[in-house]
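Before any comments, here is the structure.
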2 protein chains.
Amino acid sequence: MTQEAGAVRRGRRSGGGAARRAERTATRSEFSRFITRNVPDFEILNTEALEIIEANAETVLQEVGVNFVDNPAALALWKDAGADIDGERVRIPRGLARQLCATAPSTFTQHARNPERNVEIGGRNLVLAPVYGPPFVRDQAGGRRYATIEDFRNFVKLGQMSKWLHHSGGTVCEPTDVAVNKRHLDMLQAHMTLSDKPYMGSVTLPERAEDSIEMSRILFGSDFVDQHTVMTSLVNINSPLTFDSVMMGALEAYARANQAAIISPFIVGGAMAPVTVAGTLTQVLAEVMAGVAYSQLIRKGAPVVFGAFVTSIDMNSGAPTFGTPEAAQITLGAGQLARRLGLPYRSAGSFCGSKLPDAQAAYETANSLNIGLLSGVNFMLHACGWLEGGLVSCYEKYVMDADQLGVLHKLAAGVDISANGQGMDAIREVGPGGHFLGCAHTQDNYKDAFWRSGLLDYKPFETWEEEGARDTATLAAQKVQKMLGEYQAPAIDPGIAEALDDYVARKKAAVPDAFV
Amino acid sequence: MTQEAGAVRRGRRSGGGAARRAERTATRSEFSRFITRNVPDFEILNTEALEIIEANAETVLQEVGVNFVDNPAALALWKDAGADIDGERVRIPRGLARQLCATAPSTFTQHARNPERNVEIGGRNLVLAPVYGPPFVRDQAGGRRYATIEDFRNFVKLGQMSKWLHHSGGTVCEPTDVAVNKRHLDMLQAHMTLSDKPYMGSVTLPERAEDSIEMSRILFGSDFVDQHTVMTSLVNINSPLTFDSVMMGALEAYARANQAAIISPFIVGGAMAPVTVAGTLTQVLAEVMAGVAYSQLIRKGAPVVFGAFVTSIDMNSGAPTFGTPEAAQITLGAGQLARRLGLPYRSAGSFCGSKLPDAQAAYETANSLNIGLLSGVNFMLHACGWLEGGLVSCYEKYVMDADQLGVLHKLAAGVDISANGQGMDAIREVGPGGHFLGCAHTQDNYKDAFWRSGLLDYKPFETWEEEGARDTATLAAQKVQKMLGEYQAPAIDPGIAEALDDYVARKKAAVPDAFV
């Protein structure tokens, strides 16, 4: 046990440890509270359009229905609830799904092991979490390559140190050097020990969800986990209209344990949904309503999130495309539908199709981030680090995007209209032809007046040239190295750390490695 | 005379020439009509905040006032209108400026020599014009260098060929190899002959505005110019609260000729205006109201635009910064103020501080473009090509930004909620687990369903790598060469071209070159 960890342990014993730990952590890396919007949402659809889409979604559920595959227990629950069952097809009478959704909370707290990093998901809030799922990583020095557990840990460290990121996320990259049936253990352990921000659980098999819950019990204590939500996990729907038993198994495990799930259609428009925006919104709403209703059949009041992962498709190549206007319209419209359903909303992210962290990547990402903020998104997965259509977690893009998330914070704070904000004294003091830099109002306010990037170049051309004419990706590569070099793990009770070690070792030893 | 030009001339004589010319032009380069928004504006300020800012702006005009410098005629006009004159200071009684603004039209048509390229400025419309003012250019092959008239002509050609650009703009770069007192002639001639889109006039001296009007009379015919607006020019206010005689001289010339002017505070927040958003909005409103009111004293009904060029400042270096949240809030708020004043609104653009067309440039630009669309901007100057805080017109960034303007078009079109848009037949046809690519609805709609970039990379990684792993700037450099290679001048009556030549030659010969 290091002295530092010992001090923390003593702190915990004496009861004041959590506060002291938080204080010490704060000195290591700046941290921003999750966003609470003080600006309105952008409403792209009028009431008539919303009502048409809602009526159509009910028609889809009633007439077309959804499939619950390899899941007789789900079919039985649906039958009891009043649905019409035909093989694996579940047809849901008009109004039933929406009625079942009503017991899901409109907002919930996800707890972090550092209570200062708890997040409120829903309402006017926006919680930002990093990229999820890529099998590859890229950095400037090493190029594009399969991701390893070392990469995974690096991304968790970057997340812990990123001021504007509120959540440690889940599969920040796929650690392909660890057996498929064991990597969830290493991933969870990394989030739990290298970060004190909230995290996501595994969904790739129901028993991996159970592992996630068990490890959370070690981290938080069993009683705490029974009474609080400590994970928000990603449950994808197999669009169109299909709920497979793997994802539903994870949902069932989490709902039973009162842990949160994002129930999210995964749609490449034109392939998994109609080629039109209103058609896609109809299908998204039908799918989410069916999934959320099912979660409430498992456990009334289980926390869930209305998810919408939507891209359009390049009809020339079949490739998914990102940062497009159609995706923006769907993101905006789905936000309105989620609010009318009274559910927290997940969408948008640092989406791009580019192979490099270049201008394409940034245009596409900025399009999605801006629209995400204005759509009323409550949980933004993939908020930083996404590259190449989600195939790659990019180190440089991670810190580039994470820096831009600061823009969202300040924009969402709205306009200060207080007497100080109005600045009339300044206008009176300076007058026509004067200069504001030296006036009293500027001196009083300049420190917080303007958001400032921690990455981008604001230097004069000559200075910039002398310093090597670095582009954004190069500045980012240098920042990545600096951050990883300066990273310090947040303190953790060594008994807990050991117990997590033991659990992971025991579970790994119990079965042979599997790579499929 | 070439055969082609001869055909056009014959066409004009027989009366059907304009239509035939337009038809032939359309086959050369794709062209998009200006945007008419079918989506709402984003209202960041509530009514209470708007009323506070409006009341404060009246207080500024009444108590602090504005300076009209070296302009006794303006002071006399203001005195007659009821303002209080003290030296060069004009104090405007509460309500007077707003009352005078009421005679300015809320929307006007700017005519182009190709009538299909006329634009409507105001209302729900958004007209996109390129970068204005940089003394430098940059391209990948040649790096950063002083701009020449050859660069100027190249940018006009790119503008003519850019599908999503509606306006040829004004000083797309400063042709520094032409004498300061003559370059406006070459610039106007380039816009008039190399493009058939609408253009801007010179504002750098009143007599150069008169030249702009005279050359427009040659291009359109004197009667036409007397009766129609054929230029929209940029008149900057010397913020804070100062109207110099050079810019006012240009405004006076244009207003008298019923030609349009954008009356635009030029503000680096914290330097030329209070360091707060609400304070800056107050000053912007006061300045624009004074300027627009003055335009209406010159000529009631003269077409004007409420301008707002606003950046924030990096308090560490003093550099202006772009794509920031404070600029976004001001852009949004000023749009609300402009609509309440009943005036067309100019703001936003491809703003960035980066030295290269890299990710920083794209993030900052996308932030501003998106916010510009949602702010209800009616005329977006600098919509493409801006680099390095406006010091550089960048060839690559010009085509990169111009491509992204397509995103704005599609987003602004709103969501199709027709039966076809709803896509219920597709959902019924495909059902759970199916695939939409082959269904009838997709086949009927795929061509127009999704906006597609004409520049960005959508290829699989392996293909992209085989083709040289090009980043966005490299793709753009190749597109620039292709466009300039394929450029064809729009046909022009050779008599008109000759008359423009004569005018320019005569004016150039009349005075020696001056380079200050």
Side-chain angles (χ1 to χ4, degrees), chain A residues 39 42 44 49 56 60 64 66-67 241-242 270-271 274-279 312 314-315 317 319 324-326 328-329 353 355-360 362-363 366-367 370 400 404 407 410-411 415 417 421-424 426-427 431-433 436-437 442 445-446 449-451 456 458 464 471-472, chain B residues 39 42 44 49 56 60 64 66-67 241-242 270-271 274-279 312 314-315 317 319 324-326 328-329 353 355-360 362-363 366-367 370 400 404 407 410-411 415 417 421-424 426-427 431-433 436-437 442 445-446 449-451 456 458 464 471-472:
Chain A
V39 297
F42 184 72
I44 198 171
N56 284 348
V60 169
V64 180
V66 298
N67 281 1
L241 301 170
T242 304
V275 78
T276 52
V277 168
S312 43
D314 172 28
M315 285 295 184
S317 66
T324 60
E326 298 80 19
Q329 290 171 341
K355 316 298 178 288
L356 295 170
D358 60 0
Q360 173 175 353
Y363 283 123
N367 288 348
N370 280 288
M400 288 157 57
Q404 282 291 301
V407 176
K410 190 72 190 290
L411 183 52
V415 176
I417 198 72
Q422 293 174 44
M424 286 294 280
I427 298 177
F436 285 84
L437 277 181
T442 304
N445 289 281
Y446 80 93
F450 299 132
W451 174 79
L456 301 179
Y458 294 150
W464 168 81
D471 68 2
T472 317
Chain B
V39 297
F42 184 72
I44 198 170
N56 285 348
V60 169
V64 181
V66 298
N67 280 2
L241 301 169
T242 303
V275 78
T276 52
V277 168
S312 41
D314 172 28
M315 285 295 183
S317 66
T324 60
E326 297 81 18
Q329 291 171 341
K355 316 299 179 288
L356 296 170
D358 60 359
Q360 173 176 352
Y363 283 123
N367 288 349
N370 280 288
M400 287 157 58
Q404 282 291 300
V407 175
K410 189 72 189 288
L411 183 51
V415 177
I417 198 72
Q422 293 173 45
M424 287 295 280
I427 298 177
F436 285 83
L437 277 181
T442 304
N445 289 281
Y446 80 93
F450 298 131
W451 174 79
L456 302 179
Y458 293 151
W464 169 82
D471 68 2
T472 316

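Labels below follow one simple rule: chain letters A, B, ... track the order of the sequence lines, proteins then strands, and each chain is numbered from 1.
Of the two parts of Ala426(B), only the side chain, counted from C-beta on, holds a non-hydrogen atom closer than 4.5 Å to a non-hydrogen atom of chain A. The part of Asn370(A) that comes within reach of chain B is its side chain, from C-beta onward, which places non-hydrogen atoms under 4.5 angstrom from that chain. Proximity to chain A (any heavy atom under 4.5 Å) is restricted, for Trp464(B), to the side chain, taken from C-beta onward. Heavy atoms closer than 4.5 Å to chain A are found in both the backbone and the side chain of Met400(B).
Ranked by non-hydrogen atom pairs under 4.5 Å with chain B, the options Gly423(A), Pro325(A), Ala366(A) are led by Pro325(A). Chosen from Gly353(A), Gly270(A), Ala49(A), the residue pairing most often with chain B at heavy-atom distances under 4.5 Å is Gly270(A). Among Val64(B), Ile427(B), Val277(B), the residue with the largest count of heavy-atom pairs under 4.5 Å with chain A is Ile427(B). For the options Leu241(B), Val275(B), Asn445(B), heavy-atom pairs under 4.5 Å to chain A are most numerous at Val275(B). If you tally non-hydrogen atom pairs under 4.5 Å between each of Leu356(A), Ile417(A), Asp314(A) and chain B, the highest count goes to Asp314(A). Between chain B and the residues Gly279(A), Ala328(A), Ala271(A), the largest count of heavy-atom pairs under 4.5 Å involves Ala271(A). When the candidates Ala319(A), Gly433(A), Ala362(A) are compared by the number of heavy-atom contacts under 4.5 Å with chain B, Ala362(A) comes out ahead. Of the residues considered (Ile44(A), Thr242(A), Leu437(A)), Leu437(A) shows the highest number of contacts with chain B, using heavy-atom pairs under 4.5 Å.
The two residues Asn367(B) and Gln404(A) come nearest to each other via the heavy atoms ND2-OE1, 3.1 Å. The two residues Ser317(A) and Tyr458(B) make their nearest non-hydrogen contact at OG-O, 3.7 Å.
Residues meeting the side-chain hydrogen bond (donor to acceptor under 3.5 Å, both in side chains) test with Asp358(B), sequence neighbours left out: Thr472(A), Ser354(B). Partners of Ser312(A) according to the side chain to side chain contact (heavy atoms under 4.5 Å, CB included) rule, which considers only residues two or more places apart in sequence or in another chain, are Thr321(A), Thr324(A), Glu326(A), Phe450(B).
Put simply, the side chain of Gln329(A) reaches to within 4.5 Å of the side chain of Leu411(B), judged on heavy atoms. The closest side-chain heavy-atom distance from Met315(B) to Thr442(A) is below 4.5 Å. The side-chain heavy atoms of Val66(A) and Pro432(B), taken from C-beta on, include no pair separated by under 4.5 Å.
A donor-acceptor contact shorter than 3.5 Å is absent between the side chain of Gln360(A) and the backbone of Asp471(B).
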